[in-house]
Amino acid sequence: MAAETLLSNVNIPAEQLHPIPVRGSDPLQSAEAYEEHLRWFWSKFKKGSTHQPGGPGSGRFPCFDLVLLGVGTDGHTASLFPGDRALLETRRWVTAVSHPKGNPPVPRVTLTLPVINASHTVMILVSGRTKQTLVKKILGGDEESLAQYPIAMVKPRSKLLWLIQGAET
């Protein structure tokens, strides 16, 4: 869907697109294969570059220029759900989410929070009135919300942009 609605409208070289392989395989195997692919891709960057893992400010995680996320009514983002052990991952780049609470409740593969937060810019798309209360709590600094909802744990290196459709004026 992303390729059809977004990426087909911009001139991005195919080698810069890295979809998560999920069809027909075990989520753990898919997560391992995707992390291996990302490590291979980032190994091509010159040592010490801002994008290379270990480069300035990035720690040991890759530095995407832009990560585009959505948010669910339960505050999940990517496939990081409230209370899931995937939120505690601090070493892996990619992880499997075996028992998501999302809709549909199928096994999933997701980037980890440290990888998302190592990005230069994260853009969060919020659509629909049902998410407005959640967004207001998070943007208002509600302490309980900041600790509970994965979307509130997204803190990129440079910019966090919220694109909110359906907000009250």
Side-chain angles (χ1 to χ4, degrees), residues 1-12 14 16-23 27 30-31 34-35 38 50-51 57-59 61-90 92-169:
M1 183 171 37
E4 183 180 314
T5 59
L6 297 173
L7 301 175
S8 65
N9 296 308
V10 293
N11 187 19
I12 297 176
Q16 291 183 359
L17 302 176
H18 306 279
I20 297 174
V22 293
R23 294 185 190 253
S30 291
Y34 190 53
E35 182 165 334
L38 290 179
T50 58
H51 291 82
S58 67
F61 298 104
C63 181
F64 288 97
D65 289 320
L66 173 68
V67 171
L68 179 63
L69 298 172
V71 61
T73 55
D74 61 355
H76 87 273
T77 192
S79 283
L80 298 167
F81 293 88
D84 194 274
R85 65 181 175 81
L87 289 170
L88 304 175
E89 180 59 58
T90 59
R92 302 276 319 267
W93 293 11
V94 181
T95 191
V97 181
S98 301
H99 305 287
K101 301 167 188 134
N103 187 9
V106 296
R108 299 171 185 231
V109 175
T110 186
L111 292 175
T112 61
L113 199 52
V115 170
I116 292 169
N117 286 339
S119 303
H120 279 291
T121 301
V122 173
M123 185 180 300
I124 301 170
L125 301 176
V126 183
S127 179
R129 292 191 176 274
T130 58
K131 299 172 188 171
Q132 298 309 309
T133 302
L134 171 79
V135 171
K136 283 181 185 177
K137 286 181 182 180
I138 293 167
L139 295 179
D142 178 71
E143 291 299 320
E144 185 178 329
S145 297
L146 296 176
Q148 177 182 359
Y149 300 120
I151 193 65
M153 299 171 194
V154 173
K155 296 173 175 41
R157 291 176 17 176
S158 299
K159 291 182 185 173
L160 177 61
L161 304 170
W162 290 79
L163 299 176
I164 304 170
Q165 179 269 326
E168 296 176 13
T169 56

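Hydrogens, waters and symmetry mates are skipped; everything else that's a heavy atom, side chains included, is used.
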Given side-chain contact (heavy atoms from CB on, under 4.5 Å), test Ser119 with Arg157 step by step and report yes or no. CA-CA 6 Å; Ser119 303; Arg157 291 176 17 176; over 6 Å; no
Residues in side chain to side chain donor-acceptor pair (under 3.5 Å) with Asp74, at least two apart?
->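 Expected list: His76.
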Applying side chain to side chain donor-acceptor pair (under 3.5 Å) to Arg92 and not counting sequence neighbours gives Glu35
Side-chain heavy-atom pair [X], [Y] within 4.5 angstrom cut-off:
X      : Y      : result
Pro150 : Phe81  : no
Leu160 : Thr121 : no
Ile116 : Val122 : yes

Can you name the closest pair of heavy atoms from [X] and [Y] and give their distance?
X      : Y      : answer
Ile164 : Val135 : CD1-CG1, 3.7 Å
Val97  : Ser79  : CG2-O, 3.2 Å
Ala96  : Ala31  : N-CB, 3.7 Å
Phe61  : Ala118 : CB-CB, 3.9 Å
Leu113 : Met153 : CD2-CB, 3.5 Å
Leu87  : Pro82  : CD1-CA, 4.4 Å

Tell me if a side-chain donor or acceptor on [X] pairs with a main-chain N or O of [Y] at a distance below 3.5 Å.
X      : Y      : result
Thr77  : Gly70  : yes
Gln165 : Gly128 : yes
Asp142 : Lys136 : no

Would Val126 and Gln132 count as a side-chain contact (heavy atoms from CB on, under 4.5 Å) if you check the C-alpha gap in whole Å, the side-chain angles of each, and the deciding distance to 0.1 Å? CA-CA 8 Å; Val126 183; Gln132 298 309 309; 4.3 Å; yes
Report the residues that fulfil side-chain contact (heavy atoms from CB on, under 4.5 Å) with [X], sequence neighbours left out, ordered by chain and then residue number.
X      : answer
Glu143 : Leu146
Thr95  : Ala86, Thr110, Thr112
Leu134 : Val71, Ile138, Tyr149
Leu68  : Leu6, Met123, Leu125

When rounded to the nearest 0.5 angstrom, what distance separates [atom1] in [X] from [atom2] in [Y]?
X      : Y      : atom1 : atom2 : answer
Ile124 : Leu163 : CD1   : CG    : 9.0 Å
Ile20  : Tyr34  : CD1   : OH    : 5.0 Å
Leu111 : Leu80  : CG    : CG    : 8.5 Å
Glu89  : Asp84  : CD    : CG    : 11.0 Å

Could you walk me through whether Phe64 and Val115 pass the side-chain contact (heavy atoms from CB on, under 4.5 Å) check? CA-CA 8 Å; Phe64 288 97; Val115 170; 3.8 Å; yes
*Working for side-chain contact (heavy atoms from CB on, under 4.5 Å), residues Asn117 and Val154*: CA-CA 6 Å; Asn117 286 339; Val154 173; 4.0 Å; yes
